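Nothing here was measured: the structure is a model prediction, and the numbers come from that model. Position 1 is the first residue of the sequence, and the numbers go up from there.
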Amino acid sequence: MSELNRTYDPSREEEIYTRWLEKGYFHAKPNPGKTPFTIMIPPPNITDKLHVGHALNNTVQDILIRAKRMQGYEVLWLPGTDHAAISTEVQVVKAIANEGLTKESMGREAFLERVWEWQKLYGGTIINQLKKLGSSCDWDRERFTMDEGLSDAVLEAFMRLYSEGKIYRGERLVNWCVKCQTTISDAEVEHEDGEGHLYHFKYPIDGEPNTFIAFATTRPETMLGDTAIAVHPEDERYAALIGKYANVPMVNRQIPIIADSYVDPQYGTGAVKVTPAHDPNDFEIGQRHSLPIINVMNDDGTINSAGGNYNGLPREDARKKIIEEMTGLGLYIKTEKITHAKGTHDRCHVIVEPLIKLQWFLKMEELAKPALEAYTSGKLKFNKERHGKVYQHWLTIIKDWCISRQIWWGHRIPAYYCPEGHITVGKTAPGSCTTCGSNQLTQDEDTLDTWFSSALWPFSTLGWPEKTPDLEYFYPTNVLATAQEIIFFWVVRMVVMGYKFMGELPFTNVFINGTVRDENGVKMSKSLGNGIDPLDVVNKFGADVLRLTFASNSPENDSRFHWDRVEFSRNFMNKLWNATRFVLMNIDAPITLPQQSQLQTEDRWIISRINDLTKEVTEKIDAHELGMATQKIVDFIWDEFCDWYVEMVKPRLYDQKEPSETVITPDSRKAAKYTLCTVLMQALKLLHPIAPFITEDLFLAIQDKAGNPNEIEKEETIMLAKWPEYNETQADPAAEKAIEAIKEAVRTIRNIRAEKQVPQAQKISVVIQPADKAAYKIFQESKPFLGSLCGANSVEIQPAGSSNAQDTTKKSPQATDAPLESSATRDVVFAAISNANIYVPLEIDTEKERARLEKEKQKLLQELARVDGKLNNQGFMAKAPESLISEEREKREKFAAMLAKVEAELG
Ligand SMILES: [Zn+2]
Ligand SMILES: [Zn+2]
């Protein structure tokens, strides 16, 4: 890279990234001389395409990673992908359907071959998209949850947990999706309030004609599986019926009337039907009373043979037919419309069916204890307390984890059955049944929940179960950056497994990033079409612009995506590019360290300011407050460096064309160039984690020309340059105070120009009367640049305490923040600032000025009349919303104040 392009060109990003890859800058290896800093990427699904959530999450990780790398840590950011059982299988099933094939017609082996082909073709898509963002992952270590090593880790974990009795197989009520034909976890069930019906029926009491027991249900089809009616033990209405039997007419089943204190006598009739196979509460009652569990439903939601005449009917049809049959028997009472919570599968939105299934479970109670303790004791920290509370909540209500899924794509459960039904477990297929010696073994058809392998991710990716040097060095990792929705699915389970298999937390800090919504605060979704494709933004504006947009929007909070923020980010890049080009044009040779005494007040000010900034930015990044960190860097570069400092030193860089009172010495010029270069290089370093590409180009370009004045050796890349450190000796409160006073004076004079409508090109003269000797010195020293900052060709600094300020005013100098006031005689404008009085003599054409003010007055009167018209209009006042009315009132106040000012000027 020799000369910088004239203009900022984000298309260079690809070339820069390729160079970083070739140089191996992202690669990490155990290094005893350095402290490790590790982040494991939340592995995106192989079915994923980069969306805004990924882009934000990876920007966060790369910012943390790049800052730590520059701070001298041995940094590992390990990437990879997740096999995503359900969504991948759905994709491939769709693909083969186009060829007229189904899973079943292909058979397990052939189908899985197709999935692997699909994975090879599309599984890497998201990885390539992550590279476009500038992610500095160690791609040499990319892993996949179904690669050989990780699959071995999954089997090893299963075997160990099974041998300890923590994994068991049992009949349990699970959430079943009849559409996806698989078990889903509690967290995948969405509870939505919806319209429903409550059906009231009665069952006849066996052997007692004309005696009935009434109850209500939202799911009449489950009546086919009723095995009891329960009442509260102290409910006197039913005391005589307890121990008797009721009859379920559709299947002609006698069921006992039992007493259980779970029943609320105040609710409905006080009697409830009990269906242990289809309701979690009923399941518990069934366990207490040893009731039979009768499953009446097939996996596809149709009624099975236990439903007698209803065999084969879809659940909706069975419901209708039962109501008809009960009505015919005179046992139907009524139907009520109600609102109730319906559980649906978050993936397909079909109503979830609680079903009894033979499944594999992991006992969680014991395993969860250290994970909960890690949070309550403060060892595991979340960036926001409320996220920690979510984590804590899940752990306190945790139930056994159903780990088997009725899906082919995934880690097949390593359990084998003989014809007798004995279970033999093995990492590889065992030769014979360990109980009876039979060699006719068949493997369990199910696979493990995808999250089982993701739970091992922080250590399986480093070589576990082997004791590798990588595992030794990089585990435990430092930060996990992820989204709120998967605190339960993933964060909880990683901590549980980390303690179980490594005896240690997998990470100490959790950074939960916010959600990016659209401009109106609506969640982005495919169906609404309000999503932003992050790659569109990258292709058009560059990854740096996208990253800065995210970072300045506080990625730790929920945010809205505004295109004008993108534009702001792009303008910032242009500003930075142009300022750097300006600096480069004024450097002709390597820069050398000046004597401290050669630094001017403005140099010491900007050095002191970037020193403060270094401290603040480092602290904010460490505290995971990325929005604040970004805001501070951007404000510094744009405002303090570009708009103030560069303007202040300009006169010291150019040869004076006309004789000036202040002579620019070569030493002063040298100090200016030194300060420009070093402050800019330091600012670029602080900005690098957020905008890696532009900072690399600019940093190397300055270094090429100026050398690296504060370092002994030149850097190959800003990526590995030393992160700036706060240096107490550079703090200069006196210089900061002095420059603040100058800035106040400049702003005040610019206000006067604006207010008096002095044309841009017109030079003015300024007289400053400092309040004391210290202020006099400050203004005297600013003379080389003060004039150019406020468009003055003459700046007179009167000696402190002199009383012959301007004979045009008698006002006594007051050290106040008094607002701009007009002078008594109209040809000198006076303003008081903290430590000086300012006088600006202006040649004002009185006639013209009067005419201008008259015109202004008429305009304001018209505006006032318009507002008053509205406020006096009864119709408007009655109909308009409160906000609109107060808006009009505010306008009225504003116009009235402006009018008063104009009238005062007119006299
Ligand atoms: Zn489903
Ligand atoms: Zn056996």
| Pair Thr729-Asn727, side-chain donor/acceptor within less than 3.5 Å | yes

| task | Can you measure from OG (Ser782) to CG (Leu789) and round to the nearest 0.5 angstrom? | result | 8.5 Å

| note | Distance col, row Ser559:OG vs Arg517:CZ, nearest 0.5 angstrom, shows 9.5 Å

| query | Considering only heavy atoms from C-beta outward, does the side chain of Asp544 approach that of Pro692 to under 4.5 Å? | reply | yes

| task | Classify the side-chain pair Trp723/Thr618 by whether it contains a donor and acceptor separated by less than 3.5 Å. | result | yes

| Would you say Glu647's side chain and Trp644's backbone share a donor-acceptor pair under 3.5 angstrom? | no

| said: Looking at every heavy atom in both Ile591 and Tyr674, which two are closest together, and how far apart are they? | reply: CG2-CA, 3.5 Å

| Is it true that a side-chain atom of Asn586 and a backbone atom of Phe582 form a donor plus acceptor pair closer than 3.5 Å? | yes

| said: Between the side chains of Arg609 and Asp612, is the shortest nitrogen-to-carboxylate-oxygen separation below 4.0 Å, so that they form an ion pair? | reply: yes

| task | Please check if atom NZ in Lys859 has more than 12 non-hydrogen atoms from other residues, nucleotides or ligands closer than 6.0 Å. | result | no

| request: Answer with yes or no whether the side chains of Thr665 and Asp667 bring together a donor and an acceptor at under 3.5 Å. | output: no

| task | Looking only at non-hydrogen atoms, find the nearest pair between Glu696 and Ile718 and report the distance. | result | OE1-N, 2.7 Å

| Sidechain-backbone polar pair: Trp605 side chain, Tyr645 backbone, donor-acceptor under 3.5 Å | no

| Test item: Asn872 side-chain N/O and Gly869 main-chain N/O as donor-acceptor pair under 3.5 Å | no

| Between Thr549 and Arg565, is any side-chain donor less than 3.5 angstrom from a side-chain acceptor? | no

| request: Considering non-hydrogen atoms only, spot the tightest contact between Leu56 and Gly514 and give its length. | output: CD2-O, 3.3 Å

| Just by modelled atom types, is the Glu556 backbone N or O under 3.5 Å from a matching donor or acceptor in the Ser554 side chain? | no

| field | Non-hydrogen side-chain atoms of Phe876 and Glu888 separated by less than 4.5 Å | value | yes

| task | Using the side-chain contact (heavy atoms from CB on, under 4.5 Å) rule, take Asp697 and Thr580 through it: C-alpha gap first, then chi angles, then the decisive distance, then the call. | result | CA-CA 10 Å; Asp697 260 355; Thr580 306; over 6 Å; no

| Check: Arg604 and Gln596 side chains under 4.5 Å, non-hydrogen atoms | yes

| query | How many angstroms lie between atom CG of Leu700 and atom CG of Leu684, to the nearest 0.5 angstrom? | reply | 10.0 Å

| task | Please assess Leu576 against Leu687 for the test side-chain contact (heavy atoms from CB on, under 4.5 Å), listing each intermediate value before the final yes or no. | result | CA-CA 11 Å; Leu576 175 61; Leu687 180 65; 3.6 Å; yes

| Side-chain ion pair, Asp588 and Lys673, N-O less than 4.0 Å | yes

| request: Verify, without hydrogens or angle tests, whether Lys620 (side chain) and Met628 (backbone) share a donor-acceptor contact under 3.5 angstrom. | output: no

| task | List the atom of Arg866, the atom of Lys891, and the distance in Å for their closest heavy-atom pair. | result | NH2-NZ, 4.2 Å

| remark: Closest non-hydrogen contact found for Pro724 with Leu686 is CG-CD2, 3.9 Å

| message | Distance alone, cut at 3.5 Å: any donor-acceptor contact between the side chains of Thr614 and Gln682? | response | yes

| said: Any heavy-atom pair between the side chains of Cys677 and Val583 that's under 4.5 Å? | reply: yes

| query | Any salt bridge between Arg560 and Asp518, counting N to O under 4.0 Å? | reply | no

| message | Working to the nearest 0.5 angstrom, can you tell me the gap between Glu903 CD and Leu861 CG? | response | 7.0 Å

| message | Could you tell me if the side chain of Gln798 sits less than 4.5 Å from the side chain of Ile768, heavy atoms only? | response | no

| said: Pairing donors with acceptors under 3.5 angstrom, does anything connect the side chains of Glu781 and Thr601? | reply: yes

| request: Give the intermediate values and the outcome of side-chain contact (heavy atoms from CB on, under 4.5 Å) for residues Val545 and Lys540. | output: CA-CA 10 Å; Val545 165; Lys540 199 163 168 210; over 6 Å; no

| task | Report the C-alpha distance between Thr59 and Leu546 in whole Å, list the side-chain angles of each, state the deciding distance to 0.1 Å, and finish with yes or no for side-chain contact (heavy atoms from CB on, under 4.5 Å). | result | CA-CA 9 Å; Thr59 298; Leu546 180 69; 5.7 Å; no

| field | Leu860 CG to Leu899 CG distance, which is reported to the nearest 0.5 Å | value | 5.5 Å

| message | Measuring only between side-chain heavy atoms, which start at C-beta, is Ser552 closer than 4.5 Å to Gln631? | response | yes

| query | Is the distance between the ring centroids of Phe568 and Trp563 less than 6.0 Å? | reply | no

| said: Tell me whether Lys650 at atom NZ has more than 12 heavy atoms from other residues, nucleotides or ligands lying less than 6.0 Å away. | reply: yes

| query | Are Glu740 and Lys743 close enough for a salt bridge, meaning some N to O gap below 4.0 Å? | reply | yes

| Row check, Trp638 ring normal vs Arg570 NZ/CZ: under 6.0 Å, within 45° | no

| message | Within this structure, what is the CG-CE distance for the pair Leu4 and Met585, rounded to the nearest 0.5 Å? | response | 10.0 Å

| said: I want to check something: taking the side chain as every heavy atom from C-beta on, are Val746 and Arg750 in contact at a cut-off of under 4.5 Å? | reply: yes

| query | Would the number of heavy atoms belonging to other residues, nucleotides or ligands and lying under 6.0 Å from NZ of Lys384 be above 12? | reply | yes

| said: On a heavy-atom basis, which atom in Pro841 and which in Ser765 lie closest, and how many Å separate them? | reply: CD-O, 3.3 Å

| message | Under a 3.5 Å cutoff, is there a donor and acceptor pairing between the side chains of Asn578 and Tyr8? | response | no

| query | Within the distance-only criterion (no hydrogens, no angle test), does the side chain of Ser608 pair as donor or acceptor with the backbone N or O of Asp732 below 3.5 angstrom? | reply | yes

| said: Any side-chain to backbone donor/acceptor pair from Lys685 onto Lys722? Under 3.5 Å, distance only. | reply: yes

| said: So does Ala543 get a backbone contact from the side chain of Glu13, meaning a donor-acceptor N/O pair under 3.5 Å? | reply: yes

| Just by distance, do the side chain of Arg547 and the backbone of Ile690 share a donor-acceptor pair under 3.5 Å? | yes

| task | Taking the side chain as every heavy atom from C-beta outward, state whether Arg652 and Glu602 have any atom pair closer than 4.5 Å. | result | yes

